[in-house]
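As a basis for the values below, the full set of heavy atoms in this structure was taken, side chains included, without hydrogen atoms, waters or symmetry mates. Since the structure is predicted, the reported quantities are computational estimates derived from the model, not experimental observations. Order of appearance sets the numbers: ligands from 1, and atoms from 1 within every ligand. Positions are given from 1, in the same order as the sequence printed here.
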Amino acid sequence: MTDQPEAGPGSGPESGPESGPGSGLEPGPVTWRRDGTLGIVTINNPPVNAIGQAVRLGLMQVLERAAADTDLTGLVLCCAGRTFVAGADITELGQRLDPTLPQVIARLEALPFPTVAAIHGTALGGGLELALGCTFRVAAPGARLGLPEVKLGLLPGAGGTVRATYLIGARAALDLIGTGNPLPADAARNLGLIDAVAGAQDAPTRAACDHLRRHNAQGAISPPVLHRKDAMPPPDMAAFGDHARKLLRKARSAAPVAVVEAIRNALVLPPVEALARERALFQAALESPVSAARRHLFFAERKAARLPRDIRDAARGDTHPGALPGPRPEARHLARAGVVGAGLMGSGIAMALADAGFDVTLREVSQEALQKGLARIARSYDKDVARGRLSAPQARTRRLRIVGTTDLAALSECDLIIEAAFEDLAVKQDIFRDLDRIARPGAILATNTSYLDLDAIAAVTARPADVVGLHFFSPAQRMTLLEVVRGARTAPDVLASALALARRMGKQPVIVGAARGFVGNRMLAARNAPLARLLLEGATPAAVDAAFRDFGWPMGPFEMQDMAGLDISWRNRKATGQAEPLADALCEAGHFGQKTGRGWYRYEDGARTPLPDPHVTRLSRTLAARRGVAPRALEAAEIIARTHGPLVDEGRAILREGIAARASDIDVIWTHGYGFPGDLGGPMYWARTQGLIDDG
Ligand code: T1G
């Protein structure tokens, strides 16, 4: 029985093993057995059944065997463990290792009897392509199906663009493959991507076997998906063009361009030719710097979500470098959450917690401020419903999880309390003294400070080990990044709890040290410091922002500041005695950006389109003249070099100081929290590819 994997929900009825000793099949991640006249193929390649070469070889073997078995009337493909196949093995991409996945799928599709994929957990990328090589697909409720290759700077390379288009049509295929976002099982069935969703209690493999038996009993013939093009209505290429343009306009990467071309080919070319073109596009994308950068980020995100090495080593009692990770400290149980402060950040954090299923108590100092915060939350959920992001009942459920109070003691039963009050050390210390007094023992006390000294905040409590920084990004209910700030006394299980919390909230955590501005904001200050000088030397806000946009940023620094409001950093400068003559002059004139209709740009009647403001040019000319700086034309390359050089240098200083554990953490922070182009892999990765640095 050794070769039989632990039965995952996918691996169905036990009818006796056939692979293993004497079966003529090599032991490996793919096993075979019979269930009456059906063959059951089980993939077992933890943790996510990625299709590496060993899996492809194993599949080829069992498919050859099945093809030769004249008793068979059908074949079921399923997986052991927590998920169906989550894609090709990304670590293998770029290596020529036969057989290829298209070869395996062609073999599957050529079998002389119907086949069905029994899907649980996720069927992603090459995993869904494998399932599309089957005649039918049956999924467990709650399964998710997608072709996320575009998030890796790729496109499906094993027939996904062709077979998916034949099944769900070009428009739905553009949405599915162009965005890379997975579909829940019900939506996939409604689109025709899968044939059935199993009953709640029904193992998907049992449902798949039943589906095949019913099909065979009806004597029905169903062609492979690749032969179903003729069943499609004639393509409306104009509609296709419109939808493709919309998709490309929204895209924040170059990768969807190839997706559009591949789906167009699926509509206009014969199937085999469309497959060949897709494969060629895939090979080209695989060699692209964009995909290399996106794959770097894929693994960087996973590394960033791990506990720091010293804690893992300490847990094992191992201290020598390279020691294998040991048992991790247990995350604390968090069910009830409290948030102190119902301003922009506090109300966003309360929503993010409610969205993750927490009961939330939101505390403000006054009823007026509390009602303002609750109203902001209500408006935001109404917008979610209006934009179809949530159904009205879903929004209502989440809103009702958030209860407002002005009584701090109402937080005494919370397992986690997140302070999101005014960014002032004394104010935060007062709040933490109070929280230390009222919070239950073992509660985690977190601050959302974006700059301040965490240890100075923790030091006013008798429980600094329970204090951690949770630095959310605005809007907190949307932005994925969460800087988890580790204080000098923060306990390992509090860090483990913060990572588990991030996972539950769908956030990307990165653990950082407690230096001023942590990683993101500290590097942002370094990147922005040269901006004023660039304006003095003759650049305009529009020219600088255009250089940034051409580089790949969603927007430039001046547009960003106008959107966030110039008054926030102005107050900060005044509080710390710093000066920025140009920006200060704008603020003294009440020009705070979009919210006042003027900042670095001017905005007509509440619009958001930035228009050049001659006042800003005059101001910078006057200051330049006063400083004897002769204005000149600055090239985009110089603007980028003089802002991104300091950005990277600050990253290197942060690594030297150990405020970030690895350069790839910095890349995750900047791509998730600050809009650094993902196609460039993050600032440290980009600098390395440009030969600007060789370390990090
Ligand atoms: N290949 C290799 N390793 C993978 C992997 C993959 N496809 N997917 C996950 N892992 C590793 C991951 O690095 C981590 O390792 C562990 O598994 C658990 O992952 C031809 C070419 C499935 C939703 O893009 O989205 O198919 O850190 O921490 O949060 O068209 O993993 O433990 O050492 O993410 O529960 C397309 C990628 C590939 C899906 C599970 N597929 N995976 O999330 O666990 S390209 C994808 C995911 C392709 C074909 C093309 C997620 C998940 P470690 P995890 P999770």
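At a 4.0 Å heavy-atom cut-off, ligand 1 does not touch R294 at all. With a 4.0 Å heavy-atom cut-off, ligand 1 is reached by the side chain of L152 but not by its N, CA, C or O. When heavy-atom distances to ligand 1 are checked against a 4.0 Å cut-off, P148 comes that close only through its side chain, counted from C-beta outward.
Although no hydrogens or angles enter the test, the distance criterion places a donor-acceptor pair under 3.5 Å between the side chain of E129 and the main chain of A158. With hydrogens and angles disregarded, no donor-acceptor distance shorter than 3.5 Å links the side chain of R144 to the backbone of P184.
The protein heavy-atom contact nearest to atom 22 (C) of ligand 1 is A86 CB, 3.4 Å. The protein heavy atom nearest to atom 52 (C) of ligand 1 is L124 CD1, 4.5 Å. The closest protein non-hydrogen atom to atom 18 (C) of ligand 1 is R82 NH2, 3.7 Å. Closest to atom 33 (O) of ligand 1, if we only count protein heavy atoms, is R306 NH2, 3.3 Å.
When the shell of 6.0 Å around CZ of R295 is examined, it contains more than 12 heavy atoms from other residues, nucleotides or ligands.
Note that atom 43 (O) of ligand 1 has no protein non-hydrogen atoms nearby, at separations under 4.0 angstrom.
Shown here are the side chain to side chain donor-acceptor pair (under 3.5 Å) partners of R306, two or more places apart in sequence or in another chain: there are none.
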